[in-house]
There are 2 protein chains.
Amino acid sequence: MNRLPDDALELDRQVCFALAVASRSVIGVYRPILEPLGLTHPQYLVMLALWGDVPLRFREIADMLRMDPATLSPIVKRLEHSGLIERAAVDGDERTFSLAPTEAGLALRERALDVPPAVIDRLGIPVERLMALRDELSLVIDAVDRPA
Amino acid sequence: MNRLPDDALELDRQVCFALAVASRSVIGVYRPILEPLGLTHPQYLVMLALWGDVPLRFREIADMLRMDPATLSPIVKRLEHSGLIERAAVDGDERTFSLAPTEAGLALRERALDVPPAVIDRLGIPVERLMALRDELSLVIDAVDRPA
DNA sequence: TCTTTTTCGTTTGCGCACAAACAAAATACT
DNA sequence: AGTATTTTGTTTGTGCGCAAACGAAAAAGA
């Protein structure tokens with residue numbers, strides 16, 4: 001089996017490495033497609049969340065995207081500064097706030113509709129295969145979430 | 001099918017998102033395991049490369065790891081500063097150099113042999129499933145590599 | 001040979017990821 | 001009520017990822 005040290009190191013190199021490279025590669029596919037929209041990939045994910053459900057609290061977005069608050073905070077600020085989203089007070093809690101797209105943010109959604117087809121076309125991978133990949137990745141994510 | 005804009009955006013959110021989250025999650029699994037070795041994940045990948053094959057030129061490592069030279073350059077410097085690797089001149093080309101583990105770098109390999117089992121144990125995913133995932137990810141990487 | 005182009009690694013700048021330390025507000029406890 | 005604890009978002013520091021501009025050396029072309 002794969003108990004031999006050398007083989008283990010080799011497999012390790014392949015798996016963790018493939019995951020990291022695939023992630024960077026696919027994000028790299030998005031980059032030129034998102035660039036005209038003025039969005040980075042993480043910013044795109046935040047907008048996707050807010051295009052689907054509004055309003056969302058800061059904490060809710062962080063949880064949905066599995067993003068550290070310390071990471072999300074500056075991203076939200078940039079999106080605000082870009083005029084794509086704006087924050088609103090949440091009654092009864094001065095600590096948090098909710099977020100929603102602005103007029104411009106909603107308008108951007110129309111242009112964003114072209115993004116997924118462009119990415120899928122660029123990848124040239126059948127949709128059902130992408131869904132299988134998503135399921136496979138979900139297993140990994142769940143495995144990590146499972147308490148040690 | 002998946003031609004409807006809303007569904008496309010939804011699938012997009014799921015796939016690109018799952019890939020990014022899975023990558024970060026798995027690297028997060030490595031973090032506490034690599035921390036005692038004084039390595040980050042990218043640094044670990046460089047060491048893996050040099051534990052398998054020496055000497056390697058800077059450019060060769062960058063190609064193997066699909067890493068931008070601008071990204072690899074500071075990583076190499078940190079590994080040098082940690083005393084784990086050292087550079088040697090390549091005869092006939094003053095621009096580049098080769099890299100190889102130092103004594104300490106080779107010694108670290110022994111401790112690194114425990115890393116893959118620890119990761120696999122933490123994930124709790126069968127090895128054959130990991131290999132399947134690796135193959136699936138390779139397809140994605142190849143798809144991106146395929147010229148548009 | 002001399003010039004032009006290509007290849008190399010580095011540096012700078014910007015954004016993201018994450019740990020750690022913080023400050024302020026809400027909640028729980030006594 | 002008054003204190004302690006928890007929750008929430010921000011800030012700071014370090015490292016990675018990538019584009020762009022750079023300087024130097026090698027290779028190609030004239």
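Proteins come first, then strands; the chains are lettered A, B, ... in the order of their sequence lines, and each starts at number 1. Keep in mind that the numbers below use all heavy atoms, side chains included, and drop hydrogens, waters and symmetry copies.
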Can you check the [X] [atom1] to [N] [atom2] distance for me, whole Å?
X	N	atom1	atom2	answer
M67(A)	dC18(C)	CE	C1'	12 Å
I61(B)	dG17(D)	CD1	P	14 Å
E35(A)	dA19(D)	CD	P	11 Å
L65(B)	dC18(D)	CG	C1'	16 Å
H81(A)	dC14(C)	NE2	C1'	15 Å
H41(A)	dG15(C)	NE2	P	17 Å
L79(A)	dG15(C)	CG	P	11 Å
F17(B)	dA17(C)	CZ	P	11 Å

Inter- and intrachain pairs under salt bridge (charged side-chain N to carboxylate O under 4.0 Å, His left out), touching residues 87-96 of chain A, at least two apart: E80(A)-R87(A), D93(A)-R95(A)
Pairs satisfying salt bridge (charged side-chain N to carboxylate O under 4.0 Å, His left out), at least one member in residues 22-37 of chain A, at least two apart: none
When the side chains of residues 56-63 of chain B are checked against the rest of the protein, which donor-acceptor pairs come out under 3.5 Å, sequence neighbours left out?
| unit_1 | atom_1 | unit_2 | atom_2 | d |
| --- | --- | --- | --- | --- |
| E60(B) | OE1 | R57(B) | N | 2.7 |

Contact list for residues 120-145 of chain A, test ring pair (Phe, Tyr, Trp, His ring centres under 6.0 Å), sequence neighbours left out: none
Selection residues 105-134 of chain A - residue pairs positive for ring pair (Phe, Tyr, Trp, His ring centres under 6.0 Å), sequence neighbours left out: none
Flag, side chain of R109(B) to backbone of P101(B), donor-acceptor distance under 3.5 Å: no
Contact pattern, 5' to 3', of nucleotides 6-15 of chain D - B, S or - by protein heavy atom under 4.0 Å: -BSSBB---S
